[in-house]
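These notes are about the structure you will find just below.
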Amino acid sequence: MQEKYFAQETEEKWQSNWEVDGIYKVSEESERPKFYLLEMLPYPSGRIHMGHVRNYSIGDVMARYKRMCGWNVLHPMGWDSFGLPAENAAIKHGKDPAEWTDSNIAYMRKQLKRLGYSYDWDRELSSSSPEYYRWTQWLFLQLHKNGLAYKKAQKVNWCPSCMTVLANEQVVDGKCERCDTSVNKRNLEQWFFKITDYAQKLLDNLEKLSGWPEHVKTMQHNWIGRSEGMDIEFRLVDVDGSLTVFTTRHDTLWGVTYLVIAPEHPMVDRLIAGKPNEAELRAFVADVISQEDMERTSEEAEKIGMFTGSYAVNPATGEKIPVWIGNYVLMEYGTGAVMGVPAHDQRDFDLAKKYGLPIKVVIAPEGTEGEALDAPSAAFTGAGVQVNSAQFDGMRSEQARPAMAEFLEQKGYGKRAVHYRLRDWLISRQRFWGAPIPIIYCDKCGEVPVPESSLPVMLPKGVKFMPTGQSPLLDCPEFVNTTCPTCGGPARRETDTMDTFVCSSWYFTRYTSPGSDTEPWSRRKADYWLPVDQYIGGVEHAVLHLMYARFFTMALHDIGLIGVEEPFTRLLTQGMVLLGGSKMSKSKGNTVDPDEIVERFGADTARLFTLFASPPERDLEWSEEGVEGCWRFLQRVWRLVAQCVNAGVFSDGVRGAAMSGATEGERAVRRAAHTALKKVTSDISDRHALNTAIAAIMEFVNSLYGLKDDVIATESGKKVIGGAIEMLILMLAPFAPHIAEELWADTGHDGSVHLVAWPEVDESALEASTVEVAVQVNGKVRDRIVLPASATEQDALAAALMSEKVAAAVAGKAVRKTVFVQGKLLSIVVG
RNA sequence: GCGAGAGUGGCGGAAUGGCAGACGCAUCAGACUUAGGAUCUGACGGGGCGACCCGUGAGGGUUCGAGUCCCUCCUCUCGCACCA
């Protein structure tokens, strides 16, 4: 066996063997417990990038490890293949989106296969294929049937570059999440999913997701934004009707000196009609509405307002208070109207100061009841003691709150209410390359769902793309014009398509039943595999994909289509791959091409480096030298095994991993093997600390190099070394599957190393006859002494006092106390 | 402002409250070589000839013992942010 390893030919050989033998295919018919391991569905942009390599390498280690541990592992791969880039390529280069997408998929599939991931490729799916989007449409119809999909006109986010509307989650800092263009608002009639019905459940279930990172749960928690308070009704004075405000501080109700409503509020017209300055008011309203959201809602933006000329009555005090229109009140949140409490809310305070509105203190900081009534210089927003609040005076505000709620509800002035920041999910897109929304409009029958038997509503071929801001399907008469399923009369199809996040909200369920063409999935199979036991992907989807998929799963559960409520039991969010401190990206030009790394070093090296350089959850700085280091390590492993093979370690057959060991050297080899195994096993399964698992294997290899020459000289030593080498290959298998497979064969084994059981730690092998113990005197390490492993505290102290250094530190003082940590440390306190 | 996370050698990073810096990279020295950008051996936080002293963002505290736990700050990253 030669001492140099040539990765490329070996890797390709095993990749084709694996494929021919189908060793990663799984079915439900298994005695083994199931484990569903999934990495987030990639978009087929054209080529894979290092972020993909890292994501899938992490997943592949876990999949291979779990498989070796005896689990029936489902590990599939597919494509999130609808979306804008395909359409942009169509517009720019005249390519058919389907062809562009398919050729990207073909290339990327080849890249993934070249990296040797253990996917069950028979389950591959592509969300843009009619076989898949047929069921996306079918699921839309189920949601529609159950009142969870509806159409309404609303002011929505519009990305002028993508020429489509966006969901709230897809707007980051006022910019399009995808292309970074500033979004603006348009009033459009759009399709929504009623995710707000699940706001409370999405929030409550977070507590059950103990396998999710805290920061992701926090982000979802904040995004859902539950707040508890009261809706309080203020009767209007000269106008019919009332205004309802939402407040979390009804303890400040007696301090309300005015109301403020959003310029978009439906009551605005009635409140300003006929007022002397009506024209001026209308101009003000129009001006505020026309402002971009960012300039209107940024914290620095000045609070401006205008008196409507109308009044309302504070139900608590009976006082007549003015109704204002303010730029800082948002129609989309709460009721679009707020009560102005300048003494206890900084925004209200700013407005009151600016326009000379009265300020009335009703909460005094503890111990300042008398003086607090003077004109404050800023709003006091903390808790305190009620003043000026009729029968509630003197109560602490926290206690006043429930008492007041009770009082207000009894009087019929308001009711306790919960509002969420979460809005319904806007799913329609004015683009071609998505799943058409299966709805038909008929002049007679109105909005009619496409019958399930007519699915899929296919995307037409040969569409002309013109970025007009309307779906290209509109210019496609053969698509638009149809007949009404109900009355048979002429009708038009919906031309908007679905947000691609809809496609990725259920794909993990489709993987359980690939190719099913009579139903989206087999209930039996889905029940067997779901939920996903371990999900891996980037944190950028914390409130996008991960929340949409949770909503979808809950909804499908409640409709009765699926057995689980939460799709992902454990979640690992892997960090980004950086080069020169910033995320690799084409636009910055700081990318490293996986193909090039595979070509130079092989897939095993590429995988190993992305796993070794940093713990999975943290960002990883790409380093050419680091990659070379991993390559050197694999060569070092190869050389070690080759030298053993050439020395005849395996000449009389395989070793079966069991090792006895009589001499000190043999025991040391055995100890090194099982120490490494113990660390690697717990690092993979408990902590997902793949970087330290690899470090432990490296240490193991280093110690084998040191021990081998002595031990290998005898027949018994050969057996011990052989067993250790087998363990090394098994431990390496999840991380560097190709070289492990080749070495497994070269050491005389039949069959794939990836089907061999993960070895078990032999605790007895870990025991050493002697241990080194650090000796501290008053907390400082003074010496290290070697003791028999069985030494007691007394033995240790006696031995320690024999040490010159320890004796010097103790000299002349009395030993007051000792602390002994078996095998590690002796702490002597003197004084 | 609110919430979450992080600050450790020249670098990436290790350390159930128990010998700080595992493992790797870079660097230096040596060996082997016609050669070495291969490989092997060794050194590698700072100071000091030395015994020793100092050292995990800063300052306190708990403890026989603190990178780790507690308190007060500082810096950075991420998320939310006029949400009533």
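In the text below, chain A, chain B and the rest are named by the order of the sequence lines, each starting its count at 1. Model, not experiment: these values are computed from the prediction.
Here the P atom of nucleotide B:rG79 and the CE atom of A:M576 are 9 Å apart, to the nearest Å. Distance CG (A:D683) to P (B:rA15): 8 Å, rounded to an integer number of Å.
Here the nucleotide nearest the side chain of A:R347, chosen from B:rA15, B:rA20, B:rC83, is B:rC83. Comparing B:rG65, B:rA84, B:rG24 by their nearest atom to the side chain of A:Q776 picks out B:rG65. Comparing B:rC53, B:rC52, B:rA84 by their nearest atom to the side chain of A:K805 picks out B:rC52. Among B:rC64, B:rA84, B:rC82, the nucleotide with an atom closest to any side-chain atom of A:N327 is B:rC82.
In textbook terms, a nucleotide whose glycosidic angle is within 90° of 0 is syn, and B:rG9 is one such case.
Pair assignment for B:rG5: B:rC76, on the basis of Watson-Crick or G-U wobble contacts that are both within less than 3.5 Å. With a cut-off of 3.5 Å on both Watson-Crick or G-U wobble distances, the partner of B:rU41 is given as B:rA29.
A:T196 places no side-chain N or O within donor-acceptor distance of the main-chain N or O of A:R423, the cut-off being under 3.5 Å. No donor-acceptor pair under 3.5 Å is formed between the side chain of A:Y355 and the backbone N or O of A:M306. Remark: side-chain polar atoms of A:H344 are not paired, donor with acceptor, to backbone N or O of A:A379 under 3.5 angstrom. Looking at A:R636, its side chain never comes within 3.5 Å of a backbone N or O of A:M698 through a donor-acceptor pair. Not one N or O on the side chain of A:Q776 forms a donor-acceptor pair closer than 3.5 Å with the backbone of A:I828.
Using a 4.5 Å heavy-atom cutoff, the side chains of A:E767 and A:R671 are not in contact.
Residues from residues 816-824 of chain A placing a heavy atom under 4.0 Å of any atom in RNA chain B, listed by number, are A:K817, A:V819, A:V821, A:K824.
Within the 4.0 angstrom heavy-atom criterion, no nucleotide atom of any strand lies near A:D350. If you check every strand for non-hydrogen atoms under 4.0 Å, A:K780 touches sugar and phosphate atoms only. Heavy atoms of A:V829 sit under 4.0 angstrom from primed sugar atoms or phosphate atoms, though from no base atom. A:E628 comes within 4.0 angstrom of nothing in the nucleic acid, heavy atoms only. Contacts of A:E699 with the nucleic acid, taken as non-hydrogen atoms under 4.0 Å apart, involve only primed sugar atoms and P, OP1 or OP2.
Note on A:D251 versus A:R401: salt bridge recorded, some NZ/NE/NH1/NH2 to OD/OE distance being below 4.0 Å.
Atom CZ of A:F234 sits about 5.0 Å away from atom CG of A:N314, to the nearest 0.5 Å.
Counting only N and O atoms by type, the side chains of A:R178 and A:Q170 include no donor and acceptor under 3.5 Å apart.
Counted within 6.0 Å of CE on A:M1, heavy atoms from surrounding residues, nucleotides or ligands total more than 12; the atom is thus considered enclosed.
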Any protein N or O atoms within reach of nucleotides 10-13 of chain B? Criterion: under 3.5 Å, listing atom names and distances.
| unit_1 | atom_1 | unit_2 | atom_2 | d |
| --- | --- | --- | --- | --- |
| B:rG12 | O2' | A:A613 | O | 2.6 |
| B:rG13 | O3' | A:N691 | ND2 | 3.4 |

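Between the side chain of A:E625 and the base of B:rG24, no donor-acceptor pair under 3.5 Å is found.
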